[in-house]
Amino acid sequence: MRMRAAVLEQFGQPLAVQEVELEEPRAGEVLVRLEACGVCHTDMYTASGADPSGYAPAVLGHEGAGIVEQVGEGVTLVKQGDRVVTLFSPQCGECVHCLSPKTNLCMAIREEQNKGHLPDGTTRLKRDGKRIRHFMGTSTFAEYTVMPEIALAVISPEAPPDRACVFACGLSTGLGAAMNTAAVEPGSTCVVFGAGLVGLGAVAGCRLQGAERIVCVDLSEERLALARGQGATETMLGGPDTVDQIVESTGGFGADYTFEATGNVAVMRQAVEAARMGWGLCTVAGVAGKGETLDIVPRFLITGRRVAGSSFGGVKGRDQVPQLVDRYLNGEIDVDPLISHHLTLDEVNRGFELMEAQDGIRSVIEFG
């Protein structure tokens, strides 16, 4: 079939919205008609050329929601007509990681996915007879996509696509960082650095876990106001004295749990140093730039602090994303304030501009 998609032709250049060809799904694969797709920082990061693992040409996009149109041979996990959320972090249910409660990093298709291929080592995208690679196994900046069935989460048909799509990456990453990776305990004190979509998700996750104090740190008063709407009990403008203020306000010890959701290594260090002496846990969810390193003074670790990384919030996608969407539908998670702009596919580069300007939290592309 022929469809329109946003193609990364050259790093550092705007995406080119054009007509490409999409082949039918093969065994274990599914054709999805996209209804909505979030414009995520990871897409912009790859388009810029900063991602050392990036490749072109490729159809970007990974934060999608849509309807199953066709299934390939042997598909049993989804059926035609299902509303689904795309998963850049799949869940095969059979590999050593899927069978462990300790991680969500499925190994089944990881190697080929990192190359821009579907699991059989090929692609379904092409233009003028030349292959175009898939991005993060999803390629949702397009009217349709073909994906492995293990990379789709079936959600309630009642979930609005423009809200559901953010559970495909940013919102679930923040929620899961608090609920899965850190497993925040009731009555605890939490500090979230960054009030973008991931940070706001972490604030909401801390609230859902029963934290008593939730402090959100950001440079924007507007974003801090959104954090209060997600459950932050206190907000703070970030700066060089942030750690001192947190330590002083916690009796000289630091917070039980800290979360970093900016991708800034200097802020990561602050999050480590603001964690509580004795048992504080710093969860890093932000993605740092190419070649950057995190500088930690060993004394902070020796005196009991721990550091954990969190990919997609430790969420096992096929099992847990539908549960998170249900909690949104039940009124426990307020997604509406997080959707800032509705765009068309032709405006995808505008989505990047809005993100760079920190205009709103999430721009969503809607497909007719």
Side-chain angles (χ1 to χ4, degrees), residues 1-22 32-51 54-67 69 83-86 88 125 127 132-147 159-171 173 195-198 200-201 220 222-223 226 263 287 335-368:
M1 66 183 296
R2 300 189 69 82
M3 65 167 188
R4 298 176 74 247
V7 181
L8 171 63
E9 299 280 10
Q10 185 176 345
F11 296 120
Q13 298 298 315
L15 303 187
V17 179
Q18 57 190 265
E19 195 171 79
V20 301
E21 296 175 50
L22 181 67
V32 176
R33 173 175 57 84
L34 273 303
E35 297 178 290
C37 178
V39 181
C40 179
H41 181 270
T42 304
D43 300 305
M44 186 172 70
Y45 178 65
T46 298
S48 72
D51 183 355
Y55 41 76
V59 174
L60 297 189
H62 65 285
E63 208 173 65
I67 300 293
E69 292 273 302
R83 175 159 285 154
V84 292
V85 163
T86 61
F88 71 89
L125 293 162
R127 180 193 55 213
I132 300 174
R133 286 198 267 182
H134 301 259
F135 178 65
M136 297 178 73
T138 55
S139 289
T140 54
F141 285 170
E143 294 172 324
Y144 293 85
T145 188
V146 168
M147 295 180 55
D162 66 328
R163 270 53 175 171
C165 67
V166 295
F167 287 93
C169 180
L171 186 54
T173 296
L197 184 58
V198 174
L200 293 172
S220 165
E222 183 178 355
R223 291 190 170 198
L226 289 173
V287 178
V335 180
D336 292 1
L338 310 179
I339 310 302
S340 310
H341 303 277
H342 288 84
L343 308 173
T344 66
L345 181 60
D346 287 311
E347 296 174 306
V348 61
N349 293 301
R350 173 64 176 156
F352 289 160
E353 293 169 1
L354 290 166
M355 190 182 306
E356 285 190 295
Q358 292 196 351
D359 185 337
I361 299 300
R362 186 59 102 233
S363 295
V364 171
I365 295 169
E366 291 188 294
F367 300 88

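Throughout, residue positions are numbered sequentially from 1 according to the sequence presented.
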Report task. Could you please spell out the steps behind the side chain to side chain contact (heavy atoms under 4.5 Å, CB included) verdict for Ser363 and Met355? Result -> CA-CA 8 Å; Ser363 295; Met355 190 182 306; over 6 Å; no
Requested in this report: Determine yes or no for a side-chain-to-main-chain donor-acceptor pair under 3.5 angstrom, with Tyr144 supplying the side chain and Arg2 the backbone.
Outcome: no
Report summary line: Minimal heavy-atom distance between Met136 and Tyr55, with the atoms involved, is N-OH, 3.7 Å
Requested in this report: Report the distance from atom CG of Leu226 to atom OG of Ser340, rounding to the nearest 0.5 Å.
Outcome: 7.5 Å
Query - Closest heavy-atom pair and its distance - Ala164, Val85 - result: O-CG2, 3.7 Å
Query raised in the report: How long is the span from the OG1 atom in Thr140 to the CZ atom in Phe367, to the nearest 0.5 Å?
Result: 7.0 Å
Requested in this report: Using a cut-off of 6.0 Å, state whether more than 12 heavy atoms not belonging to Glu222 lie near its atom CD.
Outcome: no
Query raised in the report: Where do His341 and Arg350 land on the side chain to side chain contact (heavy atoms under 4.5 Å, CB included) test, with the steps shown first?
Result: CA-CA 10 Å; His341 303 277; Arg350 173 64 176 156; 5.9 Å; no
Query raised in the report: Are Val364 and Cys165 close enough that some pair of their side-chain heavy atoms sits under 4.5 Å apart?
Result: yes
Query - Side-chain heavy-atom pair Asp336, Arg163 within 4.5 angstrom cut-off - result: yes
Query raised in the report: Should Val39 and Ile365 count as side-chain neighbours, where that means a heavy-atom distance under 4.5 Å?
Result: yes
Query raised in the report: Quick one: does Leu125's side chain get under 4.5 Å of Met3's, heavy atoms only?
Result: yes
Query raised in the report: Would Phe352 and Asp43 satisfy side chain to side chain contact (heavy atoms under 4.5 Å, CB included), going step by step from the backbone distance to the final call?
Result: CA-CA 9 Å; Phe352 289 160; Asp43 300 305; 3.9 Å; yes
Query raised in the report: Any idea which heavy atoms bring Gly170 and Glu63 closest together, and the distance?
Result: N-OE2, 2.9 Å
Query raised in the report: Do Thr86 side-chain atoms and Gly64 backbone N/O form a donor-acceptor pair below 3.5 Å?
Result: yes
Query raised in the report: Pick one: which of Leu200, Val335, Ile361, Val198 meets side-chain contact (heavy atoms from CB on, under 4.5 Å) with Leu171?
Result: Val335
Query - From CA spacing to verdict: side chain to side chain contact (heavy atoms under 4.5 Å, CB included), Gln18, Glu9 - result: CA-CA 11 Å; Gln18 57 190 265; Glu9 299 280 10; 3.0 Å; yes
Report summary line: In terms of heavy-atom contacts, Val20 and Ala5 come closest through CG2-CB, 3.9 Å
Query raised in the report: Considering only heavy atoms from C-beta outward, does the side chain of Leu338 approach that of Val166 to under 4.5 Å?
Result: no
**Report entry** Side-chain donor/acceptor of Ser139 to backbone N/O of Val59, under 3.5 Å
**Finding:** yes
Query raised in the report: How many angstroms lie between atom SG of Cys37 and atom CD of Glu366, to the nearest 0.5 angstrom?
Result: 11.5 Å
Query raised in the report: Closest approach of Leu60 and Ala47, non-hydrogen atoms and distance?
Result: CD1-CB, 3.9 Å
Report task. First locate atom OG1 of Thr145, then atom CG of Leu22, and finally report the distance between them rounded to the nearest 0.5 Å. Result -> 6.5 Å
**Report entry** Value rounded to 0.5 Å, distance of CZ in Arg223 from CG in Leu197
**Finding:** 9.5 Å
Report task. For the pair Thr46 (side chain) and Gly54 (backbone), establish whether a donor and an acceptor sit closer than 3.5 Å, ignoring hydrogens and angles. Result -> no
Query - Side-chain donor/acceptor of Glu347 to backbone N/O of Thr344, under 3.5 Å - result: yes
Query - Spacing of Arg362 atom CZ and His342 atom NE2 [to the nearest 0.5 Å] - result: 13.0 Å
